[in-house]
**Student:** 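There's a structure below that I have some questions on.
Just so it is clear, the model here is predicted, and its values are computed rather than measured. Position 1 is the first residue of the sequence; numbering continues from there.
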Amino acid sequence: MPEFNAMAEVAPFGALLLGLIVGSFLNVVILRLPRRMHAELAEACADLRDEQAEPVTNRWFGLDYLITPASTCPHCGHAIRAWENIPVLSYLLLRGRCSNCQAQISVRYPLVEALTGLLSLGVVLHFGATPAALAALVLLWGLVALTVIDLDEQLLPDQLTLPLLWLGLLVNIDGLFIDLTSAVIGAAAGYLSLWLVFQVFRLITGREGMGYGDFKLLAVFGAFLGWQMLPLVILLSSLIGAIVGIGLVVLRGRDRQIPIPFGPYLAAAGFVALLWGEQINRSYLQLAGLA
C-alpha cells in the first residue's frame, strides 16, 4: 500500500494549501454575497413601487457576482494582480498596504485565509484522506463564510445554509457520519427546536430573540451529525455565547439591548461536535454513570 501511504502523508499539506486558497475565495463570498442580497432586495422593493432600479444580473447560475468584476482596491480602484492575491503571503509582502495608494488592507483577509487553512489541516488530520474529510471540509468552508457574514450583517444566507443542509442528508445516504434516519430526524429536530424557542421567547417578551437562519444552521448540524448530537451543539453554543456576551458587557460596556449574532457560536459548537462530539458525549455518559 505504498501509494495510499504517500497520499496520506501528502494529504495534510494539500489540505492546508487548499484551505488557504479557499479562504481567499471565501473573502470574496463574505464581501459580495450580502451586497448581492441587498441589491436583489432593493430591486424587488423598487419593482413593487413601480420604480426603476439598477438591474441585478443573473448569469452563470446566478454566481456572476463572485466572478466579476475583478477584485480591486476599495480606496483607489487598483486592479489586484495575481502576485498580490496569494493567500496570506501577499499581505505580508505588501506589509498590509495597497501597492498603489498605500491604503491599509484589512487584516481580516489574511486572518480568514489562515483560519480556513489551519482548520482544513485539522479536519484532514482528524479524518485522514477519506470521503468524510471531503464532506467535513465543505461544511467547514461554509461555516467560515457564514460566521463572518453573520458577524458583519447578522444574517445567515439561505444560499449557504440550504445547500449545506441538503449535502448533510446526501452524504449520509450510506451513513458517512450517521445513519440516514438519524440525519433526517436531526435536520427536522434542529430546525424545529430553535423555532420553538423563538416562538416562546417572542410570546413572553414580544421580541425576536434569533433569526430563521439560526434554525437552518442547527438543522445543518442535525443533517450531518444526527439528532443525537444536537443537545451537545445547543449546550456548547449557548455556553460560548453566554461567555462572550458577558465578556462584551463587562469588558467593553456593550449595550445589552444590542443584538449579538448567534450563528458564530452555533458554527463553533457544530465544528467541535463534528470532530470530537462522540468523545465528549461518551465522556459525559461515563461521568454520569450511564455508560
**Student:** Of the non-hydrogen atoms in Cys98 and Cys101, which two are nearest, and what is the gap between them?
**Tutor:**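 Shortest heavy-atom contact: SG-N, 3.5 Å.
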**Student:** Scan for side-chain hydrogen bond (donor to acceptor under 3.5 Å, both in side chains) pairs involving residues 184-197, sequence neighbours excluded, and state none if there are none.
**Tutor:**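 side-chain hydrogen bond (donor to acceptor under 3.5 Å, both in side chains) check on residues 184-197 returns no pairs.
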**Student:** Measuring from atom CG of Leu155 to atom CG of Leu151, what distance do you get when rounded to the nearest 0.5 angstrom?
**Tutor:**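 One finds 12.0 Å between CG of Leu155 and CG of Leu151.
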**Student:** Membership question, hydrophobic clusters at under 4.5 Å side-chain separation (ILVMFWY): are Phe271 and Leu118 in the same one?
**Tutor:**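 No, no single cluster joins them.
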**Student:** Using the side-chain hydrogen bond (donor to acceptor under 3.5 Å, both in side chains) rule, collect all pairs that involve residues 128-138, keeping only residues at least two apart or in two chains.
**Tutor:**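 Output for this query is empty, none listed.
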**Student:** Can you find a heavy atom in the side chain of Val272 that is under 4.5 Å from one in the side chain of Ile280?
**Tutor:**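 Heavy-atom side-chain distance check passes, below 4.5 Å.
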**Student:** What pair of heavy atoms forms the shortest contact from Val171 to Ala135, and how long is it?
**Tutor:**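 Looks like CG1-CB, 4.1 Å.
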**Student:** Quick one: does Ser182's side chain have a donor or acceptor within less than 3.5 Å of a partner on Ile178's backbone?
**Tutor:**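 No; zero donor-acceptor contacts below 3.5 Å.
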**Student:** Hey, are the side chains of Gln228 and Asn281 touching, using non-hydrogen atoms and a 4.5 Å cut-off?
**Tutor:**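 Not touching, per the 4.5 Å side-chain cut-off.
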**Student:** Show me the side-chain donor-acceptor pairs of residues 71-78 shorter than 3.5 Å, one per line, residues at least two apart or across chains.
**Tutor:**
residue	atom	partner	partner atom	Å
His78	NE2	Glu84	OE1	3.2
His78	NE2	Glu84	OE2	3.4
His78	NE2	Ser99	OG	3.3

**Student:** Please assess Val220 against Leu139 for the test side-chain contact (heavy atoms from CB on, under 4.5 Å), listing each intermediate value before the final yes or no.
**Tutor:** CA-CA 9 Å; Val220 168; Leu139 174 60; 3.8 Å; yes
**Student:** Without swapping roles, check the side chain of Asn172 against the backbone of Gly168 for a donor-acceptor pair under 3.5 Å.
**Tutor:**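 Yes, the answer is positive, given that a donor and an acceptor are paired below the 3.5 Å cut-off.
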**Student:** With Leu217 as reference, evaluate Leu143, Leu164, Thr147, Val233 under the side chain to side chain contact (heavy atoms under 4.5 Å, CB included) test and give the passing residue.
**Tutor:**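 When side chain to side chain contact (heavy atoms under 4.5 Å, CB included) is applied between Leu217 and each of Leu143, Leu164, Thr147, Val233, only Leu143 qualifies.
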**Student:** Quick check: is Val144 connected to Val138 through a chain of hydrophobic side chains (ILVMFWY, heavy atoms under 4.5 Å apart)?
**Tutor:**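 Both belong to a single hydrophobic cluster.
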**Student:** Side-chain contact test, heavy atoms from C-beta onward, threshold under 4.5 Å: evaluate it for Tyr91 versus Tyr109 and give yes or no.
**Tutor:**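 Not in contact.
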**Student:** If a pair satisfies salt bridge (Lys or Arg N to Asp or Glu O under 4.0 Å) and one of its residues is in residues 11-29, list it, with sequence neighbours excluded.
**Tutor:**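 Applying salt bridge (Lys or Arg N to Asp or Glu O under 4.0 Å) to every pair that reaches into residues 11-29, excluding sequence neighbours, yields nothing.
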**Student:** Looking at Gln102, I want to see if its CD is surrounded by more than 12 non-hydrogen atoms of other residues, nucleotides or ligands under 6.0 Å.
**Tutor:**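 Count over threshold, so yes.
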**Student:** Is any side-chain heavy atom of Glu113 less than 4.5 Å from a side-chain heavy atom of Leu26?
**Tutor:**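 With C-beta onward as the side chain, the pair stays apart.
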**Student:** Decide side-chain contact (heavy atoms from CB on, under 4.5 Å) for Ile234 and Leu266; before the verdict, give the C-alpha distance in whole Å, the side-chain angles of both, and the deciding distance to 0.1 Å.
**Tutor:** CA-CA 7 Å; Ile234 294 173; Leu266 272 177; 5.7 Å; no
**Student:** Residues two or more places apart in sequence or in another chain: which of them pass salt bridge (Lys or Arg N to Asp or Glu O under 4.0 Å) with Arg97?
**Tutor:**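 For Arg97, no residue satisfies salt bridge (Lys or Arg N to Asp or Glu O under 4.0 Å) once neighbours in sequence are set aside.
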**Student:** Under 6.0 Å between ring centres, would you say that holds for Phe221 and Phe224?
**Tutor:**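 They do not qualify: ring centres at least 6.0 Å apart.
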**Student:** So, for Gly23 and Val112, which heavy atoms are closest and what is the spacing to 0.1 Å?
**Tutor:**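 It is O-CG1, 3.8 Å.
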**Student:** State, to 0.1 Å, how close Pro12 and Leu121 come at their nearest heavy-atom pair, and which atoms those are.
**Tutor:**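 Between these two residues, the closest heavy atoms are O-CD1, 3.3 Å.
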**Student:** Under a 4.5 Å cut-off applied to non-hydrogen side-chain atoms, are Met229 and Leu274 in contact?
**Tutor:**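 A side-chain contact under 4.5 Å is absent here.
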**Student:** Just wondering, are more than 12 heavy atoms of other shown residues or ligands nearer than 6.0 Å to CZ in Phe13?
**Tutor:**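 No, not enclosed.
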**Student:** Looking only at atom types and distance, does a side-chain atom of Ser24 sit under 3.5 Å from a main-chain N or O of Pro87, one as donor and one as acceptor?
**Tutor:**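 Between the backbone of Pro87 and the side chain of Ser24 there is no qualifying donor-acceptor contact (under 3.5 Å).
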**Student:** Going by heavy atoms in the side chains, are Ser120 and Leu16 under 4.5 Å from each other?
**Tutor:**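 The answer is no, as the side chains (C-beta and beyond) never meet within the 4.5 Å cut-off.
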**Student:** Could you tell me whether the side chain of Ser90 reaches within less than 4.5 Å of the side chain of Ile80, counting heavy atoms only?
**Tutor:**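 The answer is no; the side chains never approach within 4.5 Å.
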**Student:** So if you build clusters from Ile, Leu, Val, Met, Phe, Trp, Tyr with side-chain heavy-atom gaps below 4.5 Å, do Leu230 and Leu165 land together?
**Tutor:**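 Leu230 clusters together with Leu165.
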**Student:** Working to the nearest 0.5 angstrom, can you tell me the gap between Ile86 CD1 and Arg81 CZ?
**Tutor:**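 Spacing of CD1 (Ile86) from CZ (Arg81) equals 12.0 Å.
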**Student:** Would the number of heavy atoms belonging to other residues, nucleotides or ligands and lying under 6.0 Å from CH2 of Trp166 be above 12?
**Tutor:**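 Atom CH2 in Trp166 is not crowded, with 12 or fewer foreign heavy atoms closer than 6.0 Å.
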**Student:** Is any side-chain heavy atom of Leu20 closer than 4.5 Å to one of Thr116?
**Tutor:**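 They are not in side-chain contact.
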**Student:** Give me each pair satisfying salt bridge (Lys or Arg N to Asp or Glu O under 4.0 Å) with a member in residues 149-170, each pair once, sequence neighbours excluded.
**Tutor:**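 Of all non-adjacent pairs touching residues 149-170, those that pass salt bridge (Lys or Arg N to Asp or Glu O under 4.0 Å) are Arg108-Asp152, Asp158-Lys216.
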**Student:** Among the clusters formed by ILVMFWY side chains lying less than 4.5 Å apart, do Tyr212 and Met210 turn up in the same one?
**Tutor:**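 Same hydrophobic cluster.
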**Student:** Please round to the nearest 0.5 Å and tell me the distance separating atom CD1 of Ile240 and atom OH of Tyr265.
**Tutor:**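 Those atoms lie 9.0 Å apart.
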**Student:** Could you give the distance from CG (Leu160) to CG (Leu146), rounded to the nearest 0.5 Å?
**Tutor:**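 So the gap between those two atoms works out to 4.5 Å.
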**Student:** Checking side chain to side chain donor-acceptor pair (under 3.5 Å) for the pair Gln279/Arg282: CA distance, chi angles, key distance, verdict?
**Tutor:** CA-CA 5 Å; Gln279 295 93 316; Arg282 194 180 305 117; 5.4 Å; no
**Student:** If I compare all heavy atoms of Gly128 with all of Ala133, which pair ends up nearest, and what's the gap?
**Tutor:**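 Residues Gly128 and Ala133, closest heavy atoms: O-CB, 3.1 Å.
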**Student:** One pair to check against side-chain contact (heavy atoms from CB on, under 4.5 Å): Leu170 and Ile173. What are the steps and the verdict?
**Tutor:** CA-CA 5 Å; Leu170 288 172; Ile173 288 177; 3.9 Å; yes
**Student:** If hydrophobic clusters are built by linking Ile, Leu, Val, Met, Phe, Trp and Tyr wherever their side-chain heavy atoms come under 4.5 Å apart, do Val107 and Ile105 end up in the same one?
**Tutor:**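 Yes, same cluster.
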**Student:** Would Leu275 and Phe127 satisfy side-chain contact (heavy atoms from CB on, under 4.5 Å), going step by step from the backbone distance to the final call?
**Tutor:** CA-CA 8 Å; Leu275 298 188; Phe127 289 105; 3.6 Å; yes
**Student:** Would you compute the distance between atom CZ of Phe25 and atom CG of Asn27 and round it to the nearest 0.5 angstrom?
**Tutor:**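 Result: 10.5 Å between the selected atoms.
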**Student:** In Å and rounded to the nearest 0.5 Å, what is the CD1 to CG distance from Ile149 to Leu156?
**Tutor:**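 The distance works out to 8.5 Å.
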